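Here the structure is a predicted model, which is why all the values come from computation and not from measurement. Protein chains get the first letters and strands the later ones, always in sequence-line order, with residue 1 at the start of each.
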Number of protein chains: 2
Amino acid sequence: MAAPSAKTDRKKGRLTRERVVREAVALADAHGIAALSMRKLADRLGVEAMSLYHHVANKDAILDAMVDFAFGEISLPRADENWKAAMRTRAIAARTMLRSHPWALGLLDSRRNPGPATLRHHDAVIGCLRANGFSVARTAHAYSVLDSYIYGFVLQELNLPFDTPDDLAALAETMLQHLPADTYPHLAEMTREHVLQPGYAYGDEFTVGLDLILDGLDRNDD
Amino acid sequence: MAAPSAKTDRKKGRLTRERVVREAVALADAHGIAALSMRKLADRLGVEAMSLYHHVANKDAILDAMVDFAFGEISLPRADENWKAAMRTRAIAARTMLRSHPWALGLLDSRRNPGPATLRHHDAVIGCLRANGFSVARTAHAYSVLDSYIYGFVLQELNLPFDTPDDLAALAETMLQHLPADTYPHLAEMTREHVLQPGYAYGDEFTVGLDLILDGLDRNDD
DNA sequence: ACCTGAACACCGTTCAAGT
DNA sequence: ACCTGAACACCGTTCAAGT
């Protein structure tokens with residue numbers, strides 16, 4: 001019997017822009033953004049690459065839509081919430097989203113066309129701060145420092161060259177051996193006395209820095 | 001007369017790993033990381049693409065070396081400096097570097113092999129904080145929140161869809177017309193009353209957030 | 001209206017062949 | 001030792017042709 005062709009066992013039904021975007025997200029989640037090619041995406045949808053161009057202008061339009069899809073996953077802060085609790089919750093939700101779609105942060109770089117979910121998200125965050133008495137300028141300060149922190153934290157987190165505590169321990173041990181302690185004494189100390197301690201997880205730093213920033217914003221009520 | 005071939009007017013002399021990396025940085029600075037292909041890089045060096053493989057293992061090794069080159073441009077904090085001033089200076093220097101090599105931030109994502117300049121940099125930052133009486137844990141907190149902020153701020157800054165105040169004004173006007181104010185009222189207000197005000201520059205937010213974080217670290221002297 | 005096959009101008013990398 | 005030409009297995013996108 002013939003091996004099932006890639007096409008036969010793929011989803012059938014008419015192609016739509018929405019199906020294209022959803023499948024692109026699934027492909028990038030599963031195999032990384034580098035694996036997202038028009039040919040592979042088409043194959044998953046049971047069509048040829050060229051068919052995609054009937055539903056999206058080009059690959060860039062798919063990437064725009066993927067970012068907007070990801071933003072849509074962050075639930076919106078309400079204007080009647082206390083700002084500090086609302087911003088804390090939003091920051092954690094944003095981090096969760098960016099971790100579950102590791103391609104999203106990298107795509108932010110090149111996106112020039114914010115979609116409706118992205119705009120709605122920004123509008124809700126600004127609205128919550130304004131409703132809590134923040135001036136326009138203080139709202140801009142708060143949004144800038146919070147988003148910078150969230151994006152940068154996840155960027156570092158996604159870069160970590162290990163996925164589990166065991167990986168980390170193994171890597172740190174190797175590093176300690178390869179990095180002569182006299183060349184990088186402080187890096188060696190940090191590895192030995194902090195990173196290699198039981199229970200260490202870099203992700204725990206997230207709320208430490210987040211609360212430092214929220215407290216700072218609370219104090220600067222200009 | 002014949003048009004000068006791409007090769008004839010390129011730098012001559014023996015190929016070295018250092019020349020390959022330096023030229024890769026120049027190419028990426030000038031035309032973006034997407035334009036950095038082995039073929040184009042070789043052409044700039046007056047050789048064929050395949051010659052590069054005698055000096056670097058593959059393209060990934062070039063990207064690793066580029067990131068380390070970029071880190072090498074940030075001058076190191078000294079252990080005898082006041083931590084707050086030293087961290088402020090370093091943050092500004094890091095932002096300057098990341099802005100002048102817009103490809104660097106995107107490459108951080110995928111780099112798994114920190115080079116000597118990168119390690120030296122981290123060692124110096126940790127060393128300065130420790131010399132100022134920071135505990136190992138407080139050093140880790142400080143480094144995490146500062147680098148997250150710096151990386152995230154530049155990520156947002158590089159994403160801004162305008163390069164000059166004039167571009168910004170033009171874009172904001174178009175946005176105000178395209179975004180119905182009743183759908184995104186707070187975004188419209190922020191654009192009108194903040195972004196479109198004379199003298200506005202997003203980059204000015206950098207030190208606002210930075211000082212908020214430095215003051216927060218100063219207070220948490222646990 | 002929607003899908004496709006062939007083609008174009010690219011990639012990174014391998015390999016055997018040149019000097 | 002160092003460089004290269006041809007080749008392989010890919011890209012995104014165009015165009016004219018099919019249904």
Any side-chain heavy-atom pair of I62(B) and M38(B) under 4.5 Å: yes

Whole-Å distance separating the CD atom of E48(B) from the C1' atom of dG12(C): 15 Å

Min side-chain heavy-atom separation D147(B)-Q156(A) under 4.5 Å: yes

Quiz item: cation-pi between R120(A) and Y184(B), 6.0 Å / 45°: no

Any donor-acceptor pair under 3.5 Å from S37(B) side chain to K40(B) backbone: yes

Euclidean distance, atom CG of residue D43(A) to atom P of dC11(D) [Å, nearest integer]: 10 Å

Enumerate, atom names and distances included, each donor-acceptor pair closer than 3.5 Å involving a side-chain atom of residues 97-106 of chain B, sequence neighbours excluded.
| unit_1 | atom_1 | unit_2 | atom_2 | d |
| --- | --- | --- | --- | --- |
| R99(B) | NH1 | E157(B) | OE2 | 2.6 |
| S100(B) | OG | T96(B) | O | 3.4 |
| S100(B) | OG | M97(B) | O | 3.0 |
| H101(B) | ND1 | D29(B) | OD1 | 2.8 |
| H101(B) | ND1 | D29(B) | OD2 | 3.1 |
| H101(B) | NE2 | E73(B) | OE1 | 2.8 |
| H101(B) | NE2 | E73(B) | OE2 | 3.3 |
| W103(B) | NE1 | D29(B) | OD1 | 2.6 |

Value rounded to 0.5 Å, distance of CG in L158(A) from CG in L108(B): 11.5 Å

Geometric cation-pi criterion, R22(B) with F69(B): 6.0 Å, 45°: no

Any side-chain donor near an acceptor of the partner, H55(A) and R19(A), under 3.5 Å: no

Student check: side-chain heavy atoms of L168(A) and Y200(A) closer than 4.5 Å: yes

Separation of atom CG in L27(A) from atom C1' in dC11(D), rounded to whole Å: 15 Å

Secondary-structure string, 5' to 3', Watson-Crick or G-U under 3.5 Å, | for another-strand partners, for DNA chain C: ||.|||||...|||||.||

Main-chain N/O of L36(A) paired with K59(A) side-chain donor or acceptor, under 3.5 Å: yes

Distance in angstrom units between R17(A) CZ and dC3(C) C1', rounded: 19 Å

Close N or O pairs between protein and nucleotides 14-16 of chain C (under 3.5 Å):
none

Y202(A): partners by side chain to side chain donor-acceptor pair (under 3.5 Å), with sequence neighbours left out: S144(B)

dT4(D) OP1/OP2 closer than 4.0 Å to side-chain N/O of S51(B): yes

Contact list for DNA chain C against residues 29-40 of chain B - heavy-atom distance below 4.0 Å: L36(B), S37(B), M38(B), R39(B), K40(B)

5′-ward residue of the pair L52(B)/A49(A) relative to DNA chain D: L52(B)

Residue among N113(B), D64(B), D68(B) satisfying side chain to side chain donor-acceptor pair (under 3.5 Å) with T118(B): D68(B)

Residue-level proximity of residues 59-68 of chain A to DNA chain C when a heavy atom falls under 4.0 Å: none

Taking every non-hydrogen atom, the tightest pair across R44(A) and A26(A): NH2-CB, 3.8 Å

